[in-house]
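Scroll down for the structure; my scribbles are underneath it.
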Amino acid sequence: MEMPDPDAAILSRKANVVDRLQAVLPKGSVIHETTELRAYECDALTAYTCPPLCAVLPGSTEEVAAVLSICHEEGVPVVPRGAGTSLAGGALATADAVMLGTARLNAVLETSFDDRYIRVQAGRTNLSVTGAVEDEGFFYAPDPSSQLACAIAGNIAMNSGGAHCLKYGVTTNNLLGVKMVLMDGTVTEIGGAHLDAGSYDLLGLICGSEGQLGVVTEATLRILHKPEGARPVLMGYDSSEVAGQVVTEIIKAGVLPVAIEFMDRPCIEACEAFAKAGYPMCEALLIVEVEGSDAEIDAQLGRITEIAARHEPVELREARDADEAGRIWLGRKSAFGAMGQINDYMCLDGTIPVSELPHVLRRIGELAQDYGLAVANVFHAGDGNMHPLILYNANTPGEQEKCEALGADILRLCVEVGGCLTGEHGVGIEKRDLMLVQYDAPDLEAQMAVKDVFDPAWLLNAAKVFPLSVSASRRAA
Amino acid sequence: MTPTTEADLAEIIGHASGPLRIAGGGTRSCGTPAPAELLSTSGLRGITLHEPGALTLVARAGTPVSEVRAALRAENQRLAFEPMDHRALLGTTGEPTIGGVVAGNVSGPRRIAVGAARDFMLGVRVVDGAGRILKNGGRVMKNVTGYDLVRLMTGSHGTLGVLSEVSLKVLPDVESAATLTLSGLSDAQAVEALSAALGSPFEVTGAAHDPEAGKTCLRIEGFADSVTYRAGRLQERLAPFGPVEVHAGKDATAATWAAIRDVTDFADRAGDVWRLSVRPSDAPALVARSGAETVRYDWGGGLVWLLMPEGTDLRANLGPFQGHATLIRAGEATRRALPVFQPENPVLARLSAGLRSKFDPRGILNPGVMA
Ligand SMILES: Cc1cc2nc3c(=O)[nH]c(=O)nc-3n(C[C@H](O)[C@H](O)[C@H](O)COP(=O)(O)OP(=O)(O)OC[C@H]3O[C@@H](n4cnc5c(N)ncnc54)[C@H](O)[C@@H]3O)c2cc1C
């Protein structure tokens, strides 16, 4: 993956830039020693590394504004960073960029259970938002698997989803407002504790803009009361066609599960070896979870298992208690860890229309064979968001390139059947050069025109989202 | 002008020499449109894809909402955000179109539980003011590929582009429903009761209050047993606010909430109609200083419909507040005197104007409607 060459003039002015930043931030908030900057050299797309010019850790919106004003004046690029768990290289720096970390922006500012929202500083981790309200029985719904580590700022930038978004939606459906600093240091609020925009939906535009339109410093989030309970059922099938059919029938029956997760044989085998969750060995495994009171859960699971049973499952296992529920989720939750044990892997996240599931799984199998690489599939089946994991060995010369080429082919396939390149991880640098597979030139031109409005000098996270050749003239200007 | 293809639409806009007024079914006139040539989307009609098992529907923008509803009903599905029908309130005729619903981000009482039109939008095709055909999003449920112009276009009232096709997430219809009512509560008590219900695990999908009738209403929907169970639990929870009556039945519940959704109470009454979106607990105090003749609360208090004496500047009466007020129904003179949409702070106003200049460089799409 290519990155723009750093601006030599900026590199030569490093000391001056660091001085100016230190002058507006508390002691210890500017990191500029080469060894310390290693911590900021990559996100969770670890194949690509580059330490920034320096990193800053502001503790307030005012400090963020001061940093951005200086960078704007100096013409220095800025890369915002939450917790660095992006799988798309969204938080990868260039050597001439100031990395703006949100780690110190982690306070809860306001909570209202009557009005069902919480206002936090944007560096706060996803799980600790729920942590701040769960004593009252509330939770923040979007739950990316990385929720222990990832920050709300990163969630907003990527419009992150989670296992439960079939029912509760993704970040954009749960975000009420932000405080944001534009690249020139201007501070503004968008939205608040009320619903919907009074004019253009700028909040909707910010969410998912991958840190290219402004730096988010505060967020107002919708919180909900927890359901009385939740319980999963596990079912195994001998073919992914049948499993796909079961998913469709469940959805059509009017039961809206909170989650429908799908794992294929390679994934089941790896998880079994790693977590010993007691999964059946079969071609396709589904975990379907529903919520409500005990009786409501029983009724919904009754409908689901009736559908499941009609399709001759090799296994159909309802959780009777929390312990059994935990066991059903255990394998799924350790899927990425299990893969990491055997191999290096690359995690894709294209989305497809659910009706295309069997066809796409078959084609992925064929493509994998052509490339001589193994692919395991684990994904959110209810909404068609796939996570093919391509296994490779980073130490074998040429294998990473091969893996990336296979990944690109799989994503092209997703687009070809009516889907998209990324359902929740974002474009970052990873899918940047594939954008023209999904969009035509005018579509990208329109998106870049939005950035022109918010960040005319293209200083904010500019090497992401758009193919470098397409954004070149703007970045150079 | 009534183009029948997207290419025609692009041609017309690309070659337009003056301002255009974009209409779907023409059931809603909004803003203070300048004189302009009428461009109707009603020729862009038809459902292009409905995949019930994937919960998706794609339709050309001029497709009547009634046609969309009928197709969904046949598969036991619905538009969960329950777009209101403006005809009674505004005294207009015509056929609401799905593109109009999206352009206005039109939602109903269920917005409080499941989201607005914007939350159900999966993709758009649109022709911008330069005549460029653009697409964003798609037809799948999860999509973060590039910037979210889908939400930018939703609610932009045709000022950034003319929608030619929209793609929506749809949901299964429910088996059963019930309305719970409380009587005689003050506005503040009512909002408190609605908050108590909405802050429960019992999945309330409607929360409204009518101060004139002294009636506070909650809706629950789902499988029959579950509705009965949750109605019982809510009765217990709301006991401190007085006795709770339960009116079970899907049809009766639908009728009750259609009237709330369409604010039909204000249809035949003189006066301006305003729509206020605020933090629910702020609503009663704002209403008290609004100068309204009467109001209706929806969204647990977060949405207030105000019937105001003609020509009154609601925003002046309210003073600074968090949220936004939109003028929905008023005579020509009032609409010229008062901004229809809540004025934005200077930073957002600058950004919005910047976006308009990019998507409609000649300023020909619905000029005067939003700014
Ligand atoms: C094991 C694992 C599991 C994952 N599971 C999921 C999942 O289930 N669902 C899902 O959606 N994602 C998942 N992810 C991806 C990742 O966790 C999400 O994209 C997450 O939202 C990133 O948050 P972060 O705080 O780590 O952001 P970072 O990685 O630090 O940054 C992400 C993007 O946000 C921008 N950004 C950061 N802070 C700001 C700010 N203050 N203002 C503006 N822009 C900013 C950055 O520039 C970058 O473009 C997973 C990742 C891992 C490693």
Side-chain angles (χ1 to χ4, degrees), chain A residues 113-116 158-159 161 169-170 173 186 188 192-202 204-205 207-209 225-228 248 251-252 254 292-293 295-296 299 351-355 383-385 418-424 426-427 435 438-439 442-443 446-447 449-450 453-454 465, chain B residues 51-55 76 105 111 115-116 118-119 128 132 134-136 138-149 151-152 154-156 171-173 175 195 198-201 223 225-226 229 277-281 299 302 322-324 326 341-342 344-345 347-348 351-352 354-355 358 370:
Chain A
F113 297 103
D114 283 342
D115 293 324
R116 301 169 301 284
M158 292 313 200
N159 190 13
V170 295
N173 311 112
T186 310
T188 187
H194 56 278
L195 294 173
D196 297 341
S199 189
Y200 294 147
D201 191 351
L202 299 179
L205 186 61
C207 194
S209 64
H225 197 286
K226 286 188 179 172
E228 289 182 274
T248 307
I251 287 175
K252 278 176 78 172
S293 68
E296 287 176 301
T351 308
I352 57 165
V354 284
S355 53
D383 49 34
N385 190 188
C420 66
L421 298 173
T422 169
E424 58 180 13
V427 177
M435 283 293 270
Q438 185 173 331
Y439 287 117
D443 303 328
Q447 294 181 32
V450 169
V453 171
F454 283 79
V465 184
Chain B
E51 214 175 272
L55 303 177
N76 199 33
N105 188 28
R111 195 271 170 262
R118 57 137 9 229
D119 296 292
D128 76 1
R132 287 183 306 180
L134 304 174
K135 59 177 176 302
N136 194 257
R139 55 173 275 213
V140 287
M141 212 79 93
K142 275 169 81 186
N143 188 345
V144 297
T145 320
Y147 293 169
D148 193 343
L149 305 187
R151 260 145 284 278
L152 178 63
T154 305
S156 67
L171 283 180
D173 197 357
E175 178 183 284
S195 289
L198 288 165
S200 79
F223 291 115
D225 288 348
S226 165
Y229 165 75
S277 174
V278 292
R279 180 166 58 189
S281 58
W299 300 357
Q322 259 202 51
H324 50 89
T326 311
F341 293 92
Q342 181 77 30
E344 295 176 290
N345 78 42
V347 180
L348 297 188
L351 294 171
S352 293
L355 291 169
K358 296 289 182 187
M370 282 190 95

Atom group of [X] that falls short of 4.5 Å from chain B, counting heavy atoms:
| X | answer |
| --- | --- |
| A:Ala299 | neither |
| A:Ser209 | both |
| A:Phe454 | both |
| A:Glu296 | side chain |
| A:Ile251 | both |

Relative to chain A, which segment of [X] carries a heavy atom at a distance below 4.5 Å: side chain, backbone, both, or neither?
| X | value |
| --- | --- |
| B:Arg118 | side chain |
| B:Gln322 | both |
| B:Leu171 | side chain |
| B:Lys358 | side chain |
| B:Asn345 | side chain |
| B:Ser352 | both |

Between [options], which has the largest tally of heavy atom pairs under 4.5 Å with chain B?
| options | result |
| --- | --- |
| A:Ala197, A:Gly169, A:Ala295 | A:Ala197 |
| A:Asn385, A:Ile352, A:Val170, A:Val465 | A:Asn385 |
| A:Lys226, A:Glu228, A:Lys252 | A:Glu228 |
| A:Pro227, A:Gly192, A:Ser199 | A:Ser199 |
| A:Gly384, A:Gly418, A:Ser293, A:Gly419 | A:Ser293 |

Subject >> Atom of B:Leu355, atom of A:Val453 and distance for their closest heavy-atom approach >> reply: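 Minimum heavy-atom separation between B:Leu355 and A:Val453: N-CG2, 3.9 Å.
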Original post:
Looking only at heavy atoms, what is the nearest atom pair of B:Val144 and A:Met158, with distance?
Top reply: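 Nearest heavy atoms, B:Val144 then A:Met158: CG1-O, 3.6 Å.
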Subject >> B:Asn76, CG: over 12 other non-hydrogen atoms inside 6.0 angstrom >> reply: yes
What I'd like to find out is whether the side chain of [X] reaches to under 4.5 Å of the side chain of [Y], using heavy atoms alone.
| X | Y | result |
| --- | --- | --- |
| B:Lys142 | A:Cys420 | no |
| B:Asp119 | A:Asn173 | yes |
| B:Ser200 | A:His225 | no |
| A:Tyr439 | B:Asn136 | yes |
| A:Asn159 | B:Arg151 | no |
| B:Leu149 | A:Gln447 | yes |

Name the option with the most non-hydrogen atom pairs under 4.5 Å to chain A; the candidates are [options].
| options | answer |
| --- | --- |
| B:Gly115, B:Gly354, B:Ser281 | B:Ser281 |
| B:Gln342, B:Glu175, B:Arg139 | B:Arg139 |
| B:Pro172, B:Ala54, B:Ser277 | B:Ser277 |
| B:Leu198, B:Asn105, B:Leu152 | B:Leu198 |

Subject >> Sidechain-backbone polar pair: B:His324 side chain, A:Asp196 backbone, donor-acceptor under 3.5 Å >> reply: yes
Subject >> Under 3.5 Å side-chain donor-acceptor pair for A:Asp201 and B:Thr154 >> reply: no
Original post:
Are A:Leu421 and B:Thr145 close enough, and set up right, to give a side-chain contact (heavy atoms from CB on, under 4.5 Å), and what steps lead you there?
Top reply: CA-CA 6 Å; A:Leu421 298 173; B:Thr145 320; 3.8 Å; yes
Original post:
About how many Å separate CG of A:Leu202 and CD of B:Glu344, when rounded to the nearest 0.5 Å?
Top reply: 6.0 Å
